[in-house]
Amino acid sequence: MIRDPSRLEALLVSTRRFVCETAIPNEALVEERDEIPEPIVDEMRRLGLFGWSIPEEYGGAGLTTEELCLANMEISRCSVAFRARCGTNTGIGAEAIIQDGTAEQKRTYLPRLASGEMTGCLAVTEPGAGSDLLGGLATTAVEDDGGFVLNGTKRYITNAPIADVFTVIARTDPGKHGASSTTTFLIERGTPGLSTGKPHKKMGQEGSPVSEVYFENCRVPNSSVLGGVPGRGFASVMKSLNKQRINLASLCTGPAIRLLDESLAHARTRRQSGKAIGEFQLVQAMLADCKVEIEAARALILDTARKRDRGEDVTLEVSMCKYYASEMCGRVADRAVQILGGAGYCEDIGGAVPRLYRDVRLFRLYEGTSQIHQLNIAKLLLKGVS
Ligand SMILES: Cc1cc2nc3c(=O)[nH]c(=O)nc-3n(C[C@H](O)[C@H](O)[C@H](O)COP(=O)(O)OP(=O)(O)OC[C@H]3O[C@@H](n4cnc5c(N)ncnc54)[C@H](O)[C@@H]3O)c2cc1C
């Protein structure tokens with residue numbers, strides 16, 4: 001649903017300007033320094049990029065799902081690090097609070113997440129709990145003296161090294177394995193017993209810090225329980241992830257559009273055998289396949305976004321979006337390297353293409369691997385959902 005086309009257009013234009021005039025010219029610097037310079041983060045704050053999905057009453061833009069997807073397709077046309085910097089605030093680091101937080105929790109955190117004053121993150125994955133989050137969850141939160149004491153380790157948490165507030169799922173009933181034995185907590189940095197590890201050395205997405213989070217006898221008050229009611233942790237996390245899946249699908253589409261643009265520019269200018277390589281039909285076939293798949297992803301995502309905005313159950317569709325868009329982006333990145341030839345493999349010559357090739361590989365792994373989405377889709381189909 002698009003509420004006000006001219007307001008949305010203004011947002012898309014300002015985002016495009018940020019991508020073209022600030023983000024793309026600084027991609028190499030961000031990669032080299034492995035961080036986004038603070039003046040650029042400040043510009044992102046001023047543009048409101050941290051609060052896109054946060055309701056207007058808390059200082060965000062309150063974008064509908066369709067608006068958010070269209071905006072995501074713009075912000076993601078540069079190195080993934082830029083949108084990852086604000087992406088936990090306008091995504092998994094705020095969504096559980098929006099969906100299930102108490103009035104007090106919303107008032108405390110959402111305005112500061114929307115402005116970018118605070119950085120949020122969602123700490124779910126653990127060394128033994130990846131795809132099987134519920135079965136593998138080993139972080140415990142034991143009730144004690146009017147609060148809870150947490151122990152455990154979270155792994156691969158985006159923005160953990162710079163986060164101010166952590167949304168954390170833990171098992172509050174260690175004897176049980178079901179969803180009702182889990183609780184989600186909001187824990188601020190500085191709480192004794194919470195610490196973060198050194199950033200993981202990743203194969204791409206330089207500038208987007210990801211690390212482990214440790215809880216060692218970390219004592220939190222009852223007011224840290226998301227929504228104030230224990231036993232609803234898994235449900236809250238799944239609500240966040242369901243929204244995030246369509247969010248991420250649209251974030252897979254921007255890089256694919258950029259990769260096709262880079263491929264087209266190269267195909268027009270690179271000459272072999274006396275011709276631009278774009279005149280060779282086998283190169284044309286790769287360009288055509290990229291375009292068709294990008295448009296197919298875009299259509300599926302926007303159709304699903306509109307259904308979600310109408311209040312329809314889109315559990316099946318969001319899995320299809322995330323699965324298709326992330327795999328599509330991987331195929332487009334691979335073709336882009338092929339079209340650039342040796343330049344696609346050499347970072348100092350190929351520019352954005354080799355960097356994005358490495359950046360987008362992650363899309364098929366997080367927010368549910370491709371295999372987990374295939375299983376979800378098939379399970380729902382076999383149940384009769386269509
Ligand atoms: C850079 C980065 C950032 C991340 N950010 C976050 C974050 O902010 N917060 C967070 O909580 N997590 C985050 N993650 C974690 C991410 O969501 C997990 O890595 C992902 O869920 C996969 O879990 P795993 O790595 O343990 O792989 P595993 O679950 O061990 O999977 C390994 C392989 O086995 C396959 N597999 C597993 N189970 C099945 C099955 N039942 N059927 C078929 N195949 C199966 C998988 O598809 C995969 O191919 C991040 C990860 C990375 C690398």
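Both ligands and their constituent atoms are indexed starting at 1 by order of listing.
Closest to atom 23 (O) of ligand 1 by heavy atom, among A129, G130, A123, is G130. Counting only non-hydrogen atoms, the option in A163, S131, G136 that gets closest to atom 37 (C) of ligand 1 is S131.
Among protein heavy atoms, atom 16 (C) of ligand 1 sits closest to Y366 CB, 3.7 Å. Of the protein's non-hydrogen atoms, the one nearest atom 39 (C) of ligand 1 is I372 CD1, 3.8 Å. Annotation: atom 20 (C) of ligand 1 to nearest protein heavy atom, L365 O, 3.5 Å. Among protein heavy atoms, atom 10 (C) of ligand 1 sits closest to T125 OG1, 3.3 Å. Among protein heavy atoms, the minimum distance from atom 41 (N) of ligand 1 is reached at L375 CD1, 3.9 Å.
The distance criterion of under 3.5 Å between nitrogen or oxygen atoms is met by V124 with respect to ligand 1. For T158, a nitrogen or oxygen atom sits less than 3.5 Å from a nitrogen or oxygen atom of ligand 1, counting backbone and side chain alike. Of the polar atoms of Y156, at least one N or O is found under 3.5 Å from an N or O of ligand 1, judged by distance alone. Residue-to-ligand polar distances place L122 within reach of ligand 1: an N/O pair is separated by less than 3.5 Å. The shortest N or O to N or O distance between Q371 and ligand 1 is below 3.5 Å.
The shortest distance between side-chain heavy atoms of S370 and S326 falls below 4.5 Å. By the 4.5 Å heavy-atom criterion applied to side chains, T184 and V168 are not counted as neighbours. Two residues are said to be in side-chain contact when any heavy atoms from C-beta on lie closer than 4.5 Å; N151 and N217 meet this criterion. Counting heavy atoms from C-beta outward, C252 and Y324 have side chains that stay 4.5 Å or more apart. Two residues are said to be in side-chain contact when any heavy atoms from C-beta on lie closer than 4.5 Å; E9 and L70 fail this criterion. In this structure, the side chains of E206 and E32 stay at 4.5 Å or more apart for every pair of heavy atoms.
At least one donor-acceptor pair under 3.5 Å links the side chain of S115 to the backbone N or O of E117. With hydrogens and angles ignored, the 3.5 Å screen pairs no side-chain donor or acceptor of N72 with any backbone N or O of L251. Between the T22 side chain and the V19 main chain, no donor and acceptor come within less than 3.5 Å of each other.
Around the CD atom of Q281, the shell of radius 6.0 Å holds no more than 12 heavy atoms that belong to other residues, nucleotides or ligands. The 12-atom threshold is exceeded at NZ of K239, counting heavy atoms of other residues, nucleotides or ligands nearer than 6.0 Å.
The contact set between ligand 1 and L362, taken as ligand atoms under 4.0 Å from a residue heavy atom, comprises 1 (C), 2 (C), 52 (C), 53 (C). For ligand 1, the atoms lying closer than 4.0 Å to a non-hydrogen atom of I157 are 7 (C), 8 (O), 9 (N), 10 (C), 11 (O). Residue T369 has at least one heavy-atom neighbour below 4.0 Å for each of these atoms of ligand 1: 22 (C), 46 (C), 47 (O). Those atoms of ligand 1 that come under 4.0 Å of a heavy atom in I92, given as number and element, are 8 (O).
For T88, no heavy-atom contact with ligand 1 is shorter than 4.0 Å. Under 4.0 Å from ligand 1, not a single heavy atom of D132 appears. Here N159 has no heavy atoms under 4.0 Å from ligand 1, in either its backbone or its side chain.
Within a 4.0 Å radius of atom 35 (C) of ligand 1, the protein has no heavy atom. Protein heavy atoms are absent from the space less than 4.0 angstrom from atom 32 (C) of ligand 1. Distance screen at 4.0 Å: atom 5 (N) of ligand 1 has a protein heavy-atom neighbour inside the cut-off. Distances from atom 51 (C) of ligand 1 to the protein include at least one heavy-atom value under 4.0 Å.
Using a 4.0 Å cut-off between charged side-chain N and carboxylate O, K243 and E95 make a salt bridge.
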Could you pull out all donor-acceptor pairs under 3.5 Å where a side-chain atom in residues 194-201 meets a protein atom, sequence neighbours excluded?
| from | atom 1 | to | atom 2 | distance (Å) |
| --- | --- | --- | --- | --- |
| T196 | OG1 | R189 | NH1 | 3.3 |
| H200 | NE2 | Y156 | N | 3.4 |

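Under the salt bridge (charged side-chain N to carboxylate O under 4.0 Å, His left out) rule, E67 has a single partner from R7, R308, R3, which is R3.
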